[in-house]
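Side chains are part of it too, since the values below use all heavy atoms of this structure and drop only hydrogens, waters and symmetry mates. Numbered from 1 within each chain, the chains take letters A, B, ... in sequence-line order.
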2 protein chains.
Amino acid sequence: MSVAAPPAASAAKSSAPRDLSRIYSIAELAREFAVTPRTIRFYEDEGLIKPRRQGTQRLYSAGDRARLGWILRGKRLGFSLAEIRQLLDLYHVDRTGLQQMRELLRRSRLHIEELERRRRDLDAQIGEFKDVETQVVAELRQRGVDPDSD
Amino acid sequence: MSVAAPPAASAAKSSAPRDLSRIYSIAELAREFAVTPRTIRFYEDEGLIKPRRQGTQRLYSAGDRARLGWILRGKRLGFSLAEIRQLLDLYHVDRTGLQQMRELLRRSRLHIEELERRRRDLDAQIGEFKDVETQVVAELRQRGVDPDSD
DNA sequence: ACCCACATTGACGTTTACGTAAACGTTAAC
DNA sequence: GTTAACGTTTACGTAAACGTCAATGTGGGT
């Protein structure tokens with residue numbers, strides 16, 4: 001899958017945009033999130049982001065940037081773009097009608113259950129690999145080797 | 001009709017094998033794990049499971065069954081089959097050589113880091129959707145509606 | 001005016017993870 | 001002995017998520 005998290009190129013690890021009114025070029029966002037411009041355009045084709053245009057060029061707001069980050073986090077969690085679109089929609093659906101709110105509540109709870117299932121899977125794997133680590137470290141120590149000397 | 005009663009077609013989700021020496025048919029495993037036989041054969045083509053053969057037919061041991069479960073959990077976590085294969089290999093690599101053990105340790109730790117990154121993503125999303133839930137519940141209550149009456 | 005880096009839109013190619021027939025063998029039941 | 005339920009291989013099809021040209025436009029610096 002290879003959806004690595006942002007490498008935090010500089011010390012600017014802050015997830016908060018420096019300036020709320022800043023605008024970003026496609027290449028800029030691509031660099032920051034370690035994806036290609038092609039990917040970002042593809043997400044637009046799929047209706048996941050809708051940047052402003054200056055003529056033909058795309059201009060991304062801080063909101064667009066955050067949205068892209070959200071999308072990529074969804075990807076890292078293994079959701080398809082279709083699912084991510086649905087999830088994003090949950091934040092923007094009409095919250096006035098009673099039925100809509102009930103529906104929103106229902107979907108949110110379903111999604112939370114899904115996420116908690118995943119966390120159980122995740123914790124199980126983490127446990128297994130920590131066991132491996134523990135065993136290997138013990139074995140190495142027994143052989144008189146320091147496990148942490150590179 | 002067979003001698004015994006039908007095995008309750010509903011999803012028997014018990015993760016513990018009834019009998020360690022039991023053998024399973026491909027359809028049986030497919031039902032239990034809610035995948036198609038095609039999927040299981042595909043995993044075999046990819047070198048992820050190697051069941052015994054009785055003539056041309058595949059016979060799955062309890063170990064094969066567990067392995068399949070492991071693979072599918074990996075999938076749920078969003079790993080590709082190639083990655084899953086690598087991870088499975090980590091349990092079977094030669095643990096005698098010093099360099100191999102160092103390498104195993106290194107990879108395990110890398111994988112654990114990866115998993116913990118994912119858990120951070122996961123917890124973040126869970127938090128967001130729990131916020132949504134909380135807000136919607138509050139809003140519904142304020143309108144004098146019970147959020148949990150279906 | 002020219003160059004260069006970056007932008008755009010098609011359009012076709014690629015990988016992954018299977019689905020979907022087709023054509024066939026095996027065993028058990030009736 | 002035929003049918004039904006299950007298994008097999010081989011092979012082509014497909015949806016998702018981009019990659020990779022190609023052809024073209026555009027804005028800024030010198």
Length of the line joining B:Ile26:CD1 and C:dT27:C1', which is rounded to integer Å: 17 Å

Just N and O in the side chain of B:Arg58: are any of them under 4.0 Å from OP1 or OP2 of D:dT8? yes

Can you name the nearest heavy-atom pair linking B:Ile49 to B:Arg67, along with the distance? CG2-CD, 3.9 Å

What pairs with B:Phe129 under ring-ring contact (aromatic ring centres under 6.0 Å, His included), at least two apart in sequence or on another chain? A:Tyr91, A:His111

Return the value, rounded to whole Å, for the distance between atom CZ of B:Arg53 and atom P of C:dG25. 17 Å

Interatomic spacing from CG in A:Asp64 to OH in A:Tyr43 - rounded to 0.5 Å: 15.0 Å

Under 6.0 Å from the six-membered ring centre of A:Tyr60 and within 45° of its axis: does the NZ or CZ of A:Arg58 meet both? no

Which comes earlier along DNA chain D counting from the 5' end, the contact point of A:Gln54 or that of B:Ala27, where each point is its nearest nucleotide? B:Ala27

Once you round it to whole Å, what is the distance between P of D:dC18 and CD1 of A:Ile40? 11 Å

Send over the distance from A:Glu83 CD to D:dA16 P, rounded to a whole Å. 11 Å

Tell me: CD of B:Gln57 to P of D:dC6, nearest whole Å? 12 Å

When rounded to whole Å, the CZ to C1' distance for the pair A:Phe33 and D:dC18 reads 18 Å

Using whole Å, report how far CD of B:Glu44 lies from P of D:dG7. 14 Å

Side chain to side chain contact (heavy atoms under 4.5 Å, CB included) assessment of B:Phe33 paired with B:Ile40: CA-CA 10 Å; B:Phe33 290 103; B:Ile40 301 181; over 6 Å; no

Roughly how many Å is it from OH in A:Tyr60 to C1' in C:dC6, rounded to a whole number? 13 Å

For the residue pair B:Leu77 and A:Leu122, what are the closest heavy atoms and their distance? CD2-N, 3.7 Å

Below 4.0 Å: OP1/OP2 of C:dT8 and any side-chain N or O of A:Arg41: yes

Any protein N or O atoms within reach of nucleotides 15-19 of chain C? Criterion: under 3.5 Å, listing atom names and distances.
unit_1: C:dA17; atom_1: OP1; unit_2: B:Leu81; atom_2: N; d: 2.8
unit_1: C:dC18; atom_1: OP2; unit_2: B:Tyr43; atom_2: OH; d: 2.7
unit_1: C:dC18; atom_1: OP2; unit_2: B:Lys75; atom_2: NZ; d: 3.0
unit_1: C:dG19; atom_1: OP2; unit_2: B:Thr36; atom_2: OG1; d: 2.6
unit_1: C:dG19; atom_1: OP2; unit_2: B:Thr39; atom_2: OG1; d: 3.4
unit_1: C:dG19; atom_1: N7; unit_2: B:Arg38; atom_2: NE; d: 3.1
unit_1: C:dG19; atom_1: O6; unit_2: B:Arg38; atom_2: NH2; d: 2.9

Taking only residues two or more places apart in sequence or in another chain, which ones pass side chain to side chain donor-acceptor pair (under 3.5 Å) with B:Arg119? A:Asp123

